[in-house]
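Here is how names work: the chains are called A, B, and so on, in the same order as the sequence lines, proteins then strands, and each is numbered from 1.
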Amino acid sequence: VSEEVQSTGRWLRCSRGGAVLALYAAGLIAASMLFTWWRMECRAPQYGHRVLVVDISPTSMTGDVKEINGLGHFVGMMPLERFAPFERAAAPYGLALAAAAALLLLFLRPGWLRRVVVAAVFLIPAVFIVDLWAWQQYAVTNLDPKASLNLIQNRIQARVFGEYAVAQFKVHAIFGTGFWLVAVASLNALGFAIVEWRKRTVAGRAVKELAAAAALAALLCPASAPARTLEVGPGRPYRTIGAAIAAARPGDEVRVRAGLYRERVRIDRPLSLSGEEGAVIDGGGRGTVIKVESGPCAIRGLEVRGSGDSLFSEDSGIKLTRAPGCAIEGNRLDDALFGILANYSPRAVVRGNRVRGKEIPVPRRGDGIRIYHSHHSIVEENFLERGRDLAIWQSNDIDVRHNRVRTSRYGLHYMYCDRSVFEDNVFEDNQVGGAIMYSRGLTLRRNRFLRSRGPSALGLLLKTGDDVLAESNHFLDNTTGLFFEETPSSMRSSCVIRGNVIAGNDVGISLQPAVARVVFTENAFVANRTHVEVLGRTERSKNAWSAGGRGNYWSDYVGFDADGDGVGDTPHKVEHYFEDLAARWPAVGLLRMGPAALALDLAARAFPVVSPVPTAVDDHPLIGLPASLGPAPARPARMELALGGLLVALASLAAVGLARRPAGRESA
Amino acid sequence: MSLTTRKLLWGGTCAACGLALVVWACTRPPAAPPPGGGTAEPLGSLEQVALGRSLTPDEARAALETYVPPGKYDEFVMFTSGGHSGSVYLIGIPSLRMLKEIPVYSPNPWQGWAQGAGEGEAILKDGSFSRKLPTQTWGDLHHPQLSLTGGDYDGEWCFASDKPTGRIAVIDLRDFRTKQIVKTPNVVSDHAVFLVPETEYVVASTFQPSPGGPGVYAPLEQYKERYRGAVTFHKFDRKAGRIRMDQSFQIELPPYFQDLGISGKGPSKDYIFLNSLNTEMAVGQLRPEDPPFEIGASLNEMDFLHIIAWRKAEALVKNNSPLVKTQGGIKVVPLEVARDEGILYFAPESKSPHGVDVTPGGEYILTGGKLDPHVTAYSFAKIQKAIAEKNFETERKDPFGIPVLKYDAVREAYVEVGLGPLHTVFDDQGHGYISLFLDSAIAKFSLGPPYQPPEKAWKLVEKISIHYNIGHLQAPASNTAKPRGRYLVALNKWAVDRHPGMGPLNPQNLQLIDISGPKMRMIAEAPIIGEPHNSMIIETRKLAGWPVYPPGTDPATMTPSPNATKQGEERIERTKNGVHVHMVVIRSHYKPDIIQVKQGDRVVIDITNAESARDATHGFGLHGYNINASIDPGATQRVELVASQPGVYPFFCTEFCSALHMEMAGWLLVEPR
């Protein structure tokens, strides 16, 4: 021991590497007090681009605290100031102490005190996370039941890190620079411990301790029998899938080898059924091919075909009934009346399936996928063709992403569901692209509603929807692009339609006269025969055709932008002068759709003599296509975080360099 | 931009400006009206009126089409349900003016209906849910039905159901007053009421099943075993104007919600058809893991269209078959008997449908899918064939063993009409019109042969937007064998922005649509009080209400009242425990006009209106004792009270009658004991 002390100076009680690490940790802890440790970003449709941010550091709580408290009040959340009062009061002193203690490591002899200090510094981030988590949980479980928006029914799934929803708000939680600084300090403490222990050549001890910890962890892990794999196929233990399932224990895997299996399968215990390439189950044209009546189960990689064709008995490819937590992935369903049905089966994951219906008239078909009263399910990357609907009913918190539905009845048939996200889906050549009804808290992003054509065809129908945000979607070549009925429904709700392309439709947007409180901004209306129609007169409705001085792009706007700010100097009135004239003198109708009619429309706008009633007035029409037609950069800049990260990285490099310098050269 | 394009654009704009100027010149009002003013206004001034009121040409035209000038009558009268106002309302078509209210299930002081006097109190009491519970003074009135003779309206009777309690009311169209309220035995609710073609029976189906009538209990755990639905055939004795329970019968049904129903016509006249929902037999959240009721009740892809050969059941009842039991004072054909005797069949229908309607000739049965965007047409001929061939579904069976006809074997066609299709009505040109609740629209579609040639059959013709959430719709004589066409009335559940802000509770909204031309046109709109569930539209000329009652008529029986008093025979008689007043009212006095009694006396006042002039109704308003009688010309009404509290109680005429109306008053003097 004395040798080591001598080699690093008289007053220094640790190695040079240890010293650097301790110094560094102390510095980081001290610096962390100046930075944000945790940040909460809230986004809601009615706030448009604005993101409400709260930054929490050991010394302060800053940002939109007042707004968040105001909104939190509606759901019965206690004010932010009442969170962790002791911890926030004690944090500056505690951290100062920790920084001092880390410095003290330089002078402490190996012993219990040194271990305590190392452990304390090491545990700072963990303590922070646990405390934060505890307070979050406390807050969401102790909501005021008398709050105006009572969310007790749908518990807030608060997270310390990542995204979660509170009513129509999406909350995004991230760790700030301060946290990452102490995280590095924590690693330094670990490094200090290792360096010091290794140096004392009691490496065995560290190894032993590690081994003991591993053993303890193993002890704590639930003991479970290993799952068996039951193989089905020619020359395998089981010739039929049914026999394998009958022999399977819960948790086993039934693996189906390539081949054609003419049987109907019923899964009544949790297991995994997977097929290798070329494994085909054929139901023989009667009833449902695979019935799942227990969960969690997984069905993967199978080709399923030949269900019956009775709507009455809901003949399906794969049908889940009261089977929670199932994964239906990467299957190929063909010639099935219904494809994948999930009834009363929450947390279903339906991903990467390809479903093709029977070649029968549309009214006689079944749904490609139906999620019925199965909350928290995920529908992703499926391809549906020649079916009826992608139907999601009475199920909350559903993510629908990257699906493609074509030549079906309703691309999306969505009813009585709250809080769902629809992103990057394509609905093409359906009778109705999407029908969203009686639901709230919906986000539609980057979906494409294409070529919904027919006498009652629509790109997207919104009936009785609240807090709907539709951005960066494409509505192209539909009979009617978007149809609004009673949306938003609640007087306390609004809908935001932002940055969408609405082009080449017979009617771009069709509004029932009572529709109000919809904000249309930065959309591009291009070459629709009628951009906006209102289905009747009203004296009361008010929608916003611009927000924050930014309206929409209208391909037929005839105005100037003298000041060059990208916004037209005169309002754009959506009105169809020609239609009005034709109503007065039917003979004029002969000219319909001809250049004369277009000229008349143009002239009427340039020289308003007899004004028809405008269906929409955009006070700030955009001169060019909005730049934000791609996904809006709604997230605030993370410059601070990036700088902090860079600093840490550089400092770490320097520290490592210093620590690795051989001791001999230093003394020389 | 090239020079040529710019030139073109300039040229085009200039040309367009020129055109605009021409238009302006055409539409400019004349510089000044001709001095002195002509005798006949030039036609141009009509346009000025329209412009002055900012009416579009379409709106101005609609105004002319719907305006009924003073002294003229509407062409049609619509009998519409007033929902939980408990009344039937009469609306003129095309003016949409309210013509009259007929109180049925709720008291109405204006007409002296169950307001402490007259026949109304007794009718409400007799027709209450249960004798052991308070007299029911409200109802949710659904589905008025006009009596039929030879498959067409005869303008004689109107029937209306009360959904929550399962009651039927009979309204006499001689005086437009309710004559009878009947509680259907063995059930606790119903929904629809409809008539068989000659009005022999008034048919009502249950809505929520029950283990029996009022007072019968069974836990919901025994829902499948103990709860039952029913369809009841109330025998209507046209001569007496009453429903006869002793000749009525009931067919027991499985515990599904038998929703709306309709009678066949022509070839299908011996059948009725009922929709159903909740064939899942969900009961709500009995156990914590059960889903809410509406979710449990909407799981199945298809429910059952009930096909009921009721003449077979009637024959069993008339022949006193031992298979028929008597329960709750009515003959009941048990479920197993209905199944085994070929009375009851099912056909699959799209989940939770709402409307079921039969084409004027009785060939097709149409159901609206509600949650399915199609109207489905079933062929009656195919139904008969499938029954004969025993062509039944095999993969899924009815838990009660009722045979389910193969869907593909009985379906004739489907038409995709839009979201939330509910009820279909018919015009005289071979079209159906279906209300679309979710779309807030009406879709017009073509029917199959013989209404349309095969190449035009079962196609969507056009749609029109409705404001908002349409429920029923109606067209003149739509449910008869001879629909008249011309108009559609949309009975909308929500008004939202249609009328000025008058607080959070809005009236419901009626909209009138012209269907006489190739395109449907919305031509008028009016608020209505009480949710209109359904209506019937009849030609005004078919209604022949009495202008006055024959002298001394009891409105309860429509016969001479034994209590009528002739003029000159007015008197007060002392009885054992009070007084009996024989009173005559005529403009403008009560005779006698002073009634002197002792505290505790029982006071009976028979009031005869001696008038024979139209509209000479007199009132008898007696405050304190909470009485208002309305005595129409010729009528005799009785007021009864126990003079429990002493004091001076003036009575007066509540219906303005003559120049001395204010003087038409009298005294009830109650002397303390």
Choice from [options] maximising heavy atom contacts with chain B below 4.5 Å:
| options | value |
| --- | --- |
| A/Gln431, A/Arg364, A/Arg370, A/His413 | A/Arg364 |
| A/Pro363, A/Gly366, A/Pro361, A/Ser313 | A/Pro363 |
| A/Met437, A/Arg409, A/Arg286 | A/Arg409 |
| A/Phe483, A/Phe338, A/Tyr416 | A/Phe338 |

Mind checking whether [X] and [Y] have side chains closer than 4.5 Å, heavy atoms only?
| X | Y | value |
| --- | --- | --- |
| A/Glu486 | B/Trp494 | yes |
| A/Glu485 | B/Leu438 | no |
| A/Tyr372 | B/Ile295 | yes |

Closest approach of [X] to [Y] (non-hydrogen atoms, all atoms of both residues):
| X | Y | value |
| --- | --- | --- |
| B/Tyr468 | A/Ala514 | OH-N, 2.7 Å |
| B/Arg396 | A/Phe312 | NH1-O, 2.8 Å |
| A/Leu535 | B/Ser465 | CD1-OG, 3.2 Å |

Within 6.0 Å of CE in A/Met491, more than 12 heavy atoms from elsewhere
no
Give, as side chain, backbone, both or neither, the part of [X] having an atom under 4.5 angstrom from any heavy atom of chain A.
| X | answer |
| --- | --- |
| B/Lys406 | neither |
| B/Pro500 | backbone |
| B/Phe304 | side chain |
| B/Asp408 | side chain |
| B/Ser298 | both |
| B/Val404 | side chain |

Atom [atom1] in [X], atom [atom2] in [Y]: separation rounded to 0.5 Å?
| X | Y | atom1 | atom2 | result |
| --- | --- | --- | --- | --- |
| A/Lys463 | B/Asp439 | NZ | CG | 8.0 Å |
| B/Leu299 | A/Thr321 | CG | OG1 | 8.0 Å |
| A/Leu311 | B/Asp372 | CG | CG | 9.0 Å |

Keeping the roles fixed (side chain from [X], backbone from [Y]), state whether a donor-acceptor pair exists under 3.5 Å.
| X | Y | answer |
| --- | --- | --- |
| A/Gln512 | B/Ile466 | yes |
| B/Tyr414 | A/Val362 | no |
| A/His373 | B/Gly296 | no |

Less than 4.0 Å between a side-chain N and a carboxylate O, is that true for A/Arg537 and B/Glu59?
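Answer for the salt bridge query: yes.
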Does the pair A/Arg388/B/Glu301 count as a salt bridge with the N-to-O cut at 4.0 Å?
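Answer for the salt bridge query: yes.
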Chain A interface, residue from [options] that has the most non-hydrogen pairs under 4.5 Å:
| options | value |
| --- | --- |
| B/Ala443, B/Gly501, B/Gly418, B/Gly369 | B/Gly501 |
| B/Val496, B/Leu460, B/Thr394, B/Leu419 | B/Leu419 |
| B/Arg411, B/Lys463, B/His467, B/Glu289 | B/His467 |

So, the part of A/Asp315 with a heavy atom under 4.5 Å from chain B: the answer is side chain
Heavy-atom distance under 4.5 Å to chain B: side chain of A/Ala435, backbone, both or neither?
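Contact with chain B: side chain only.
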Any side-chain donor-acceptor pair under 3.5 Å between B/Glu395 and A/Ser310?
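Short answer, no.
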